[in-house]
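Presented below is the structure to which this report refers.
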There are 2 protein chains.
Amino acid sequence: MSLYTISQASAEVDLTPYTLRYYEKEGLLPGVKKDSAGRRNYQADDIQRIGFIKCLKGTGMSLKQIKEYGSLYAQGKKKFEERNAMLESHKAKILLEIKTQKKYLKMVEAKIQMKI
Amino acid sequence: MSLYTISQASAEVDLTPYTLRYYEKEGLLPGVKKDSAGRRNYQADDIQRIGFIKCLKGTGMSLKQIKEYGSLYAQGKKKFEERNAMLESHKAKILLEIKTQKKYLKMVEAKIQMKI
DNA sequence: CCTTGACTTAGAGTTAGCTATAACTGTTAG
DNA sequence: CTAACAGTTATAGCTAACTCTAAGTCAAGG
């Protein structure tokens, strides 16, 4: 039942234990279980959640917004619309970002090509 | 000859005057001309340089590294190899980043598709 | 001449996101 | 039994990249 200690979770998701505790303190990981000695026990769905947090963060969403998304998620079906709108607008942002990165890639390639 | 005041340059490159002065102070913009009253006059090539700085920064290069690149650039042909290596490795980084963004995009799309 | 406004400088303050420290506690190997 | 170890909390410190403030300068319009 107790799947991961903090150091195992840390290794699994490639974030330091500091960061995991920090995320929890910031409200991004509500409901992480603790054992009788007060030590964190990460479950499979915590790991999954962290994976999605990394996805959102890696695409430029702030921790504050991720927390907001999480709280909408916690409120279930009644907040589905709002939550989905958030994801849709984030998706648009990612698409734009990819486009920008491609433009910048071309600029760097051009600079390399110059050979000066 | 005096092409842009700081506020005109600011509008042109979409960075605040604060940021332009900060970049200069940090050594990213050496040789910006000043008029008799000590006010900055940005030339066309300063604007171009800022454009490339934005490109490097927008693809995740730190100001410190950008400054380093700039100083290699200033040393001309003898540092060409080093400078180009920097750009090549940065290019690889951008390619990887685009790949990651695409992966994350898929994750977000999948989450949207779930409709839960 | 006087005010206005855009500029100057040095340096302080802010924000995000960690990262580390100190002091402590419970588990385990010898 | 005890020493080492892996965890805990609260809180302080750090870095990057701005962002702003204060006090002052200068050129131009009325």
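Lettering of chains follows the sequences in order, A, B, ..., and the numbering in each one begins at 1.
- Projected onto DNA chain C by closest heavy-atom contact, A:S36 and A:K57 fall at different nucleotides, the more 5' of which corresponds to A:K57.
- In this structure, the OH atom of A:Y18 is 17 Å from the P atom of D:dA12, given to the nearest Å.
- The shortest distance between side-chain heavy atoms of A:T5 and A:R40 does not fall below 4.5 Å.
- Between A:L20 atom CG and D:dT8 atom C1' there is a gap of 14 Å when expressed in whole angstrom units.
- Remark: P of D:dA17 and CD of B:Q65 are 10 Å apart, rounded to the nearest angstrom.
- Between A:K34 and C:dT25 there is no side-chain polar atom (N or O) within less than 4.0 angstrom of OP1 or OP2.
- Residues of residues 22-31 of chain A having a heavy atom closer than 4.0 Å to DNA chain C, listed by number: A:Y22, A:Y23.
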inquiry  = Between A:E97 and A:Q101, is the side chain to side chain donor-acceptor pair (under 3.5 Å) condition met? List the steps.
reply    = CA-CA 6 Å; A:E97 183 60 18; A:Q101 294 296 310; 2.7 Å; yes
query = Could you go step by step and tell me if A:S10 and A:S7 meet the side chain to side chain donor-acceptor pair (under 3.5 Å) rule?
reply = CA-CA 5 Å; A:S10 163; A:S7 55; over 6 Å; no
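- Proximity of B:I112 to A:E88: side-chain heavy atoms (C-beta onward) are separated by under 4.5 Å at one or more points.
- Put simply, NZ on A:K64 is 10 Å from P on C:dT15, counting in whole angstrom units.
- Between A:E26 and A:K64 there is no salt bridge, since no side-chain nitrogen of the basic residue lies less than 4.0 Å from a carboxylate oxygen of the acidic one.
- When the P atom of D:dA16 is taken as reference, atom NZ of B:K67 falls 12 Å away, rounded to whole Å.
- Geometrically, A:K33 does not engage A:Y42 in a cation-pi contact defined by less than 6.0 Å to the ring centre and at most 45° from the axis.
- Ionic pairing of A:K79 and A:E82 is present here: one or more N-O contacts between side-chain nitrogen and carboxylate oxygen are shorter than 4.0 angstrom.
- More than 12 heavy atoms of other residues, nucleotides or ligands shown are found within 6.0 angstrom of NZ on A:K54.
- One atom, NZ of B:K54, and another, C1' of D:dA17, lie 15 Å apart when rounded to the nearest Å.
- Atom CG in A:N41 sits about 16 Å away from atom P in C:dG26, given to the nearest Å.
- Rounded to whole Å, the distance from CD1 on A:I50 to P on C:dG17 is 17 Å.
- Within a 6.0 Å radius of CD in A:Q48, other residues, nucleotides and ligands contribute 12 heavy atoms or fewer.
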Atom pairs, protein N/O to nucleotides 1-7 of chain D N/O, distance under 3.5 Å:
residue: D:dG7; atom: OP1; partner: A:T5; partner atom: OG1; Å: 3.2
residue: D:dG7; atom: OP1; partner: A:S7; partner atom: OG; Å: 2.7
residue: D:dG7; atom: OP2; partner: A:S7; partner atom: OG; Å: 3.3

